[in-house]
Chemist: 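There's a structure below that I have some questions on.
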2 protein chains.
Amino acid sequence: MDRSPARVTLKDIARLAGVHPATASRALDPARGDMLTPETRDRVRRVAQEAGYHVNSFARSLRKNSSGMVGVVVADVANPFLPPILRGIEQIIRAEQKLLLIAETHDDGGTLLEIIDHFVARRVDAVILSAAHFGDEQAVASLAEKIPVVLAVRSVGSARFPTITHDDVLGGQLAAEHLVSLGHRDLAQLRGPMDVSSFRGREQGFAAVMSTTTARERFVDQSAAAPTVEEGRRLAEAILDAPGRHPTAFFAHNDLMAVGALEALRDRGLTCPRDISIVGYNDAPLSNHVNPPLTTVRLPSLELGRRVATLALAVIAGATTEPTIEKLPPELVIRQSTGAPSHP
Amino acid sequence: MDRSPARVTLKDIARLAGVHPATASRALDPARGDMLTPETRDRVRRVAQEAGYHVNSFARSLRKNSSGMVGVVVADVANPFLPPILRGIEQIIRAEQKLLLIAETHDDGGTLLEIIDHFVARRVDAVILSAAHFGDEQAVASLAEKIPVVLAVRSVGSARFPTITHDDVLGGQLAAEHLVSLGHRDLAQLRGPMDVSSFRGREQGFAAVMSTTTARERFVDQSAAAPTVEEGRRLAEAILDAPGRHPTAFFAHNDLMAVGALEALRDRGLTCPRDISIVGYNDAPLSNHVNPPLTTVRLPSLELGRRVATLALAVIAGATTEPTIEKLPPELVIRQSTGAPSHP
DNA sequence: TTGAAAGCGGTACCAG
DNA sequence: CTGGTACCGCTTTCAA
């Protein structure tokens, strides 16, 4: 396979069509095509077509100083709630003829910095960051000096940047209210990583409801290092194995963690929801098929993706970057992992 | 936010360091750094560091005619077996200081063509294609004339291109042998889209075993339009609602389809595995937590990602593109959705 | 409406 | 070891 057939350049097309490169450039640009005689334009286009011409996007980008790419930073592609967000973003971005550059941090600060460097070097038109931690404000600020940045899903704490998240506080409230209204009075949270705004919000929304009722929240001093099945199991075990009565309900900050808690129950001969009710978060795929089907909080992720991409486009276009922070409302999905406590 | 602080260029660094741009260029390139006096080199590097210099990758790429990016085409990011593959690819690619460009086809041929165009225009160094259909051979061939292409997961049928897949035929065999050895004699496949090599392979592996035993495979004329829960349910329903006795075992070409079949059983008051055993495929997240936990076929996906990326790198480096086709062996994971037939 | 020329920011080659 | 120079392919003034 000979792979360097000296690619066709604009000059070639110009020569073939008997015009100046500048003219060829105009003919091929839809926006400026009508500066030419239709004949010239069509001739050039036809020649380009036949010769299999493709612009060299480096040259174009170098000249225009814009890459036509939008960078997306996520913590972990494997997180099942991301795909709908990515899809929403992609729908909007592709409609603009731009391409998506996706990178993963694995929640590592150093990797985030590296990725930012890459994105800056590649002059992406904007960065959509959905992997922020509370500590990342500096890094984001310095990035934002160079490239438009939009925060998705997770905020950095302050409202310095345009941000679109799910309303995690409301989500935590919904979970708490549901459990309290079922009659639970002794509840515990299985908390996700506390340096991420999403989990912090859920924690606060939940706690806020607790403080206005006769129910009380079990003090748990640990939180998950990552929102995984293993960590959910670990936290649940710590609570279940503590001396004294166990709580009658768990609010897990994530469906995977909820599943981990389910495992811990099962190991101890407890059943859900008879002994302990569990609310998850995200409505991950198959969470309606685990045993028992999970009561959870569903997020408008596709919509979030679309909005965040639209916002990014607006910022690229130079819309005033009022640091809005918009929160999309979640929805409680009641299934079979929650019920009234059996010994109230 | 002023976003055009006239970015620092190599010329600026050269001026600041009192050297010629060409020298600055050499100082900043690790590969050519030792052509200079250590003092000059370090001075330039320090200046660059302090000034916050980043190469303009367009300029570099224009000159080098290489983008430093590898394009990955997938059918659907939401498919839960993709993340480990992507992770494997990313590990290898990032180690090479290259970036990943990810695009989705949604299994649409037109979209594939568009994406290919984008990738060609952006001069990605290589394309890793894991969204191929049997009909795509032409498109791939024409792409391969311009850019190194490596096929992942799905082949196009012929062995014209370097390809690394899972061994789907073996996977189908494992499923069939397992069910037959449990005593099943009347079995059916819930087939995935038949224009994708993976599903075709599974079908053939399964059928091959059938033909060497006394078991027989129920004729089912439909296959899934997409490997989803809904399609799995639809196919299962068609079989269950057909007149006469139903088979005692299903081989679903995908875990999601298996879950759909589970739904269909439940609706009809049948239970798994007592009435019908089900084998899934992929070992998707949570497939060990559905009810009952799925017997399935596990794929070495991370490994596949790593190999395919390594292969892509080799092809970029100009290694002879002998159109190898390598197949990674899957593994049967026995859980509780399979058992001996109750009325043999 | 079209052509000429300059330059985007680097890198590579040749000379010194 | 370093400087000079040309040029990668395209877009964009400015003139004609």
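Proteins get letters first, then strands, A, B, ... in listed order; numbering begins at 1 in each.
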Chemist: Residues in salt bridge (charged side-chain N to carboxylate O under 4.0 Å, His left out) with A:Asp108, at least two apart?
Modeler: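 Per chain and number, A:Asp108 pairs via salt bridge (charged side-chain N to carboxylate O under 4.0 Å, His left out) with no residue.
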Chemist: Restricting to side-chain contact (heavy atoms from CB on, under 4.5 Å), what partner residues turn up for A:Asp125, sequence neighbours left out?
Modeler: A:Ser66, A:Ser67, A:Lys98, A:Ile316
Chemist: Residues from residues 40-70 of chain A sitting under 4.0 Å of DNA chain C, heavy atoms only?
Modeler: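 Here the set is A:Thr40, A:Leu62, A:Arg63.
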Chemist: Who pairs with A:Ser57 by side-chain contact (heavy atoms from CB on, under 4.5 Å), at least two apart in sequence or on another chain?
Modeler: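 For A:Ser57 the side-chain contact (heavy atoms from CB on, under 4.5 Å) partners, ignoring immediate neighbours, are B:Arg122.
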Chemist: Measure NE2/A:His20 against C1'/D:dA15 and give the value in whole Å, please.
Modeler: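 Going from NE2 in A:His20 over to C1' in D:dA15 covers 12 Å.
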Chemist: Using whole Å, report how far CZ of A:Arg32 lies from C1' of D:dT13.
Modeler: 11 Å
Chemist: Tell me, please, which residues at least two apart from B:Gln91 pass side-chain hydrogen bond (donor to acceptor under 3.5 Å, both in side chains).
Modeler: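 With neighbours one apart ignored, the set is B:Arg306.
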Chemist: Output the residues of residues 24-31 of chain B in contact with DNA chain C, where contact means a heavy atom of the residue under 4.0 Å from an atom of the strand; sort by number or write none.
Modeler: B:Ser25, B:Arg26
Chemist: Specify the separation, in whole Å, of atom CD1 of B:Ile13 and atom P of D:dG3.
Modeler: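 In whole Å, D:dG3 P lies 15 Å from B:Ile13 CD1.
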Chemist: Grab the CE-C1' distance between A:Met35 and D:dT13 for me, whole Å please.
Modeler: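 Going from CE in A:Met35 over to C1' in D:dT13 covers 11 Å.
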Chemist: Got a sec, which residues hit salt bridge (charged side-chain N to carboxylate O under 4.0 Å, His left out) with B:Arg123, two or more places apart in sequence or on another chain?
Modeler: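 Testing B:Arg123 for salt bridge (charged side-chain N to carboxylate O under 4.0 Å, His left out), a comparison that skips the adjacent residues, returns none.
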Chemist: Looking at A:Asn79 and A:Asp76, would you say the former's side chain and the latter's main chain have a donor-acceptor pair under 3.5 Å?
Modeler: no
Chemist: Rounded off to whole Å, could you give me the CZ-to-P distance for the B:Arg123 and D:dC10 pair?
Modeler: 8 Å
Chemist: Hey, could you give me each pair passing salt bridge (Lys or Arg N to Asp or Glu O under 4.0 Å) that has a residue in residues 31-59 of chain A? Not counting sequence neighbours.
Modeler: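 For residues 31-59 of chain A: A:Asp29-A:Arg32.
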Chemist: Pairs in or reaching into residues 308-317 of chain A: which pass side-chain hydrogen bond (donor to acceptor under 3.5 Å, both in side chains), with residues at least two apart or in two chains?
Modeler: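 Listed once each, the pairs would be none.
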Chemist: Distance check needed: C:dG7 P versus B:Lys11 NZ, whole Å only.
Modeler: 9 Å
Chemist: A:Arg15 has an atom CZ; how far is it from atom P of C:dT2, in whole Å?
Modeler: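 Value for this atom pair: 19 Å.
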Chemist: List in chain and number order the residues that pass side-chain contact (heavy atoms from CB on, under 4.5 Å) with A:Leu113, two or more places apart in sequence or in another chain; answer none if no residue qualifies.
Modeler: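 Listed in chain order: A:Ala139.
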Chemist: Restricting to side-chain contact (heavy atoms from CB on, under 4.5 Å), what partner residues turn up for B:Ser61, sequence neighbours left out?
Modeler: A:Phe58
Chemist: Of the nucleotides C:dT11, D:dG9, D:dT12, which one has an atom closest to the side chain of A:Thr9?
Modeler: D:dG9
Chemist: Shortest non-hydrogen contact from A:Ala144 to A:Val149?
Modeler: CA-CG2, 3.8 Å
Chemist: Could you tell me, to 10°, how much the axis swings from one end of the helix from C:dT1-D:dA16 to C:dG16-D:dC1 to the other, five pairs per end?
Modeler: 40°
